[in-house]
Amino acid sequence: MKGMYLVLSLVLLASMLLIPLLAIPGEQQATPPASSGTSSVDIADEHLTNEKADHFLVYNPETQKTEKIAAADYVFRVVAAEMPASYHEEALKAQAVAAYTFACRKRALRLGGKSDHDYDITTDSSQDQAYITPEELKTKWGDKYDEYTEKIQAAVEATSGYMLTYEGSPIFVAYHAISSGKTESSGNVWSVDYPYLKPVESVGDLLSPSY
């Protein structure tokens, strides 16, 4: 009898692990994550400049104004918006590199004449990355404002100037919080096959409390 319970338990466990994987879309179009920068995915990598940026021209759709923001300040605000400050410092560093690379690519598209805009990036998370102002952070973090500010600033400073590139060009950074145990090919999501955005196993997702 104990043997039968053991077999049933193993079958149930296997089902729990396999069902999410079977639910991953194949050829169907999937909805891109909010922080995927959908406005740039129709442009393949074509030797964009990998020049490091010390500032970005950031457009705010709500105010309809473009502001020149220091790269460190911009990356700080993106990391603070995209990832909980309570996360491990190494996770914050990884997010900082991703945020900086994403913005550098958008800037490179503008400088290369491959953008119709006179700005690099927007504060609209449905088009680019999430973004939060210092004033909004004071409300969000409350009495932890100083602690969290110092923590994220340290992550941004530690990774200053680091950029993800492929064949010399800044990559299209598509990041997300969690998947279903396996990532998706960019070609199945945006119909653009980036050689560095291919399906890989991500079994740690299955262990996440948010899974």
Checklist entry - Under 3.5 Å, is there a donor-acceptor pair between the T165 and N50 side chains? => result no
Item to check | Pair D120 + R110, salt bridge at N-O below 4.0 Å | outcome: yes
Checklist entry - Closest approach of Y74 and A103, non-hydrogen atoms and distance? => result CE2-CB, 3.7 Å
Checklist entry - Among the clusters formed by ILVMFWY side chains lying less than 4.5 Å apart, do Y196 and Y162 turn up in the same one? => result yes
Checklist entry - Given D193 and S185, is the side-chain contact (heavy atoms from CB on, under 4.5 Å) satisfied, shown in steps? => result CA-CA 7 Å; D193 283 310; S185 168; 3.8 Å; yes
Checklist entry - In this structure, are over 12 heavy atoms from other groups packed under 6.0 Å from Y145 atom OH? => result yes
Next on the checklist: For I121 and Q129: C-alpha separation, side-chain torsions, deciding distance, then whether side-chain contact (heavy atoms from CB on, under 4.5 Å) applies.
Outcome noted: CA-CA 9 Å; I121 201 163; Q129 306 181 103; 4.0 Å; yes
Checklist entry - If two hydrophobic side chains count as joined below 4.5 Å and joins carry through other members, does M163 share a cluster with F56? => result yes
Checklist entry - Is the shortest distance from a Lys or Arg side-chain nitrogen in E147 or K144 to a carboxylate oxygen in the other one below 4.0 Å? => result yes
Checklist entry - Of T133, I69, I152, V156, which is the lone residue that meets side chain to side chain contact (heavy atoms under 4.5 Å, CB included) with R77? => result I69
Next on the checklist: In terms of relative ring orientation, are F102 and Y175 parallel, tilted or perpendicular, with 30° and 60° separating the classes?
Outcome noted: perpendicular
Item to check | For A85 against L92, the heavy-atom pair lying closest together | outcome: O-CD1, 4.0 Å
Item to check | Parallel, tilted or perpendicular, as decided by the 30° and 60° cut-offs, for the rings of H117 and Y119 | outcome: parallel
Next on the checklist: Nearest 0.5 angstrom please: I132 CD1 to F76 CZ, how far?
Outcome noted: 9.0 Å
Checklist entry - Under a 4.5 Å side-chain heavy-atom rule over Ile, Leu, Val, Met, Phe, Trp and Tyr, are Y166 and V189 clustered together? => result yes
Checklist entry - Would you say the side-chain atoms of N60 pair up with the backbone N or O of K65, donor to acceptor, closer than 3.5 Å? => result no
Item to check | Verdict with supporting geometry, L164 and Y100, side-chain contact (heavy atoms from CB on, under 4.5 Å) | outcome: CA-CA 9 Å; L164 297 166; Y100 180 69; over 6 Å; no
Checklist entry - Are K93 and E90 close enough, and set up right, to give a salt bridge (charged side-chain N to carboxylate O under 4.0 Å, His left out), and what steps lead you there? => result CA-CA 5 Å; K93 289 178 184 179; E90 294 303 322; 3.2 Å; yes
Checklist entry - Shortest non-hydrogen contact from S186 to V192? => result OG-O, 2.6 Å
Item to check | Atom pair NZ (K52) and OG (S160), whose distance is rounded to the nearest 0.5 Å | outcome: 7.5 Å
Checklist entry - Can you say whether the rings of Y194 and F172 are parallel (under 30°), tilted (30 to 60°) or perpendicular (over 60°)? => result tilted
